[in-house]
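For reference, the structure discussed in these notes is given below.
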There are 2 protein chains.
Amino acid sequence: MTRRSYQRLGEDARRNALLEATLDCLAEDGMGGASVRKIAERAGVSAGLIRHYFSSKDEMIHEAYAYLMGQLTGAAADSAHAASEGASQALAHFIAANVMQPNLSSRKVSLWATFIGRVRAGARYAEIHRDSYREFLDLLEALIHPVLVQHGRPAAPAACHGHAIALNGLIDGLWLEGSLGHGLYDPARLPVIALTAAEGILRLPDGTLVRAIAP
Amino acid sequence: MTRRSYQRLGEDARRNALLEATLDCLAEDGMGGASVRKIAERAGVSAGLIRHYFSSKDEMIHEAYAYLMGQLTGAAADSAHAASEGASQALAHFIAANVMQPNLSSRKVSLWATFIGRVRAGARYAEIHRDSYREFLDLLEALIHPVLVQHGRPAAPAACHGHAIALNGLIDGLWLEGSLGHGLYDPARLPVIALTAAEGILRLPDGTLVRAIAP
DNA sequence: GCCACTATTATACGTTTGTATAGTAATGCT
DNA sequence: AGCATTACTATACAAACGTATAATAGTGGC
């Protein structure tokens with residue numbers, strides 16, 4: 001009996017490789033098609049290995065969701081904290097980044113939607129979703145507040161919160177629909193559409209955000 | 001051997017019962033848990049029946065998606081064509097209806113997301129999605145145009161189209177996030193948040209849409 | 001080079017899955 | 001009531017599934 005040769009990997013590296021493989025299989029085959037054997041094959045390991053890292057398939061999928069959302073919120077936080085020339089530019093960059101590559105991504109949307117489809121029925125999914133949604137809202141509030149102050153708009157916490165909810169909704173919706181390659185319009189239009197809409201939502205002077213990132 | 005007694009149903013009625021059962025199982029158990037046996041049980045028939053109506057499980061799921069989107073777009077069209085006192089009220093009602101019950105529904109969102117998760121990898125899913133997305137955009141454009149004209153805003157087709165994309169994004173995002181019971185805010189706030197944001201996106205005078213549906 | 005540790009492979013098992021098909025009971029017509 | 005039609009049940013099958021476990025080869029330390 002000839003055993004396949006293999007290379008050992010540290011615990012973190014192997015674990016992350018399995019989570020990445022899980023996400024790859026979910027993006028391609030959905031929840032119904034991502035079997036343990038497929039995930040193992042994608043990760044380049046045998047199916048028996050998975051039990052050494054996760055106590056069940058369910059746990060591995062939950063962890064994959066947490067891992068994905070950690071990546072998405074991490075990238076959003078980096079974007080929010082990036083160097084910029086003022087509050088308007090920071091907000092504009094944040095919004096635009098969400099409706100452009102690499103965030104505008106059918107893979108990311110497919111994964112996000114696949115997990116959202118389970119939020120209603122699974123407490124762990126719901127918890128991960130709520131935490132990341134809260135984090136996105138908080139990031140947006142922090143970006144919106146100084147912009148409102150700068151333009152003399154009402155900037156009380158409640159107003160900022162409402163704006164953050166609306167802006168997050170706009171970004172989510174455009175990101176979702178814009179990533180799916182439907183061919184109904186050129187996704188390159190989305191940054192301007194998003195920024196123009198955001199100016200309206202925040203009652204900013206026309207061009208405040210669009211001009212903040214234009215050449 | 002005692003066979004279970006049963007009642008015959010006409011082809012359309014039985015078929016729709018199966019599609020409803022499919023959606024119920026998908027909403028509860030996801031793509032990975034909705035087996036043919038579960039769906040049959042939910043529909044109150046034996047598993048062998050399904051082959052008499054659908055040539056495969058895959059086909060049944062695709063048909064369920066088309067059926068769901070038919071319901072959602074049908075309801076949207078009804079809402080768009082409902083009697084109203086003017087263009088602003090029609091648009092306001094349409095927007096508000098999308099972020100309130102019965103549309104604000106974790107079941108609907110779970111189903112929608114579950115299928116969206118498959119759009120990237122499945123041509124049939126992508127086709128159904130594109131057709132319904134186009135229909136929503138068209139409905140919105142038709143609602144937006146007279147409102148812009150009424151308020152002397154630029155109302156060329158390209159402008160309407162861009163506004164429809166933005167508004168649809170806003171509605172989708174708020175509907176999605178607002179349906180999931182995260183407890184971060186009261187979903188009863190969403191109609192006002194959505195309408196206020198829509199006024200901004202369309203550059204309408206403050207209160208145009210909010211006041212159109214307030215008591 | 002030797003050895004201990006352990007990451008990994010291969011295999012097994014019981015259950016579940018989607019698909020296939022023969023048989024029969026419900027129902028409408030005469 | 002009798003009969004033909006057919007919607008539906010029950011069962012079977014091969015494959016796939018998630019889970020479990022014994023064995024072994026890779027690797028670092030000495």
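Reminder, nothing fancy here: chain letters follow the sequence lines and each chain counts from 1.
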What integer distance in Å separates B:Gln7:CD from C:dA25:C1'? 13 Å
Separation of atom OH in A:Tyr6 from atom P in C:dA10, rounded to whole Å: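 Nearest whole value for this atom pair: 10 Å.
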Can B:Glu28 and B:Arg42 be counted as an ion pair, charged N to O under 4.0 angstrom?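 Looking at B:Arg42 together with B:Glu28, the answer is yes, because their closest N to O distance falls below 4.0 Å.
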Do any of [range] sit with a heavy atom less than 4.0 Å from DNA chain D, and if so which?
range: residues 9-43 of chain A; answer: A:Ser35, A:Val36, A:Arg37
range: residues 47-68 of chain B; answer: B:Gly48, B:Leu49, B:His52, B:Tyr53
range: residues 115-125 of chain A; answer: none

For B:Arg8 and for B:Val45, locate the closest nucleotide of DNA chain D by heavy-atom distance; then report the residue assigned to the nucleotide nearer the 5' terminus. B:Arg8
Side chains of [X] and [Y] only: does a donor on one sit below 3.5 Å from an acceptor on the other?
X: B:His129; Y: A:Glu177; answer: yes
X: B:Glu141; Y: B:His161; answer: yes
X: B:Glu11; Y: B:Tyr53; answer: no

Quick check on C:dT9: is either OP1 or OP2 less than 4.0 Å from any side-chain nitrogen or oxygen of A:Arg4? yes
Please check this pair: side chain of [X] against backbone of [Y], looking for a donor-acceptor N/O pair closer than 3.5 Å.
X: A:Asn103; Y: A:Ala97; value: yes
X: B:His62; Y: B:Arg124; value: no
X: B:His93; Y: B:Ala80; value: no
X: B:Glu199; Y: B:Leu209; value: yes
X: A:Lys108; Y: A:Leu176; value: no

In terms of heavy-atom contacts, does CD of B:Glu59 have more than 12 from other residues, nucleotides or ligands at under 6.0 Å?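 Yes, the 6.0 Å shell around CD holds more than 12 heavy atoms from other groups.
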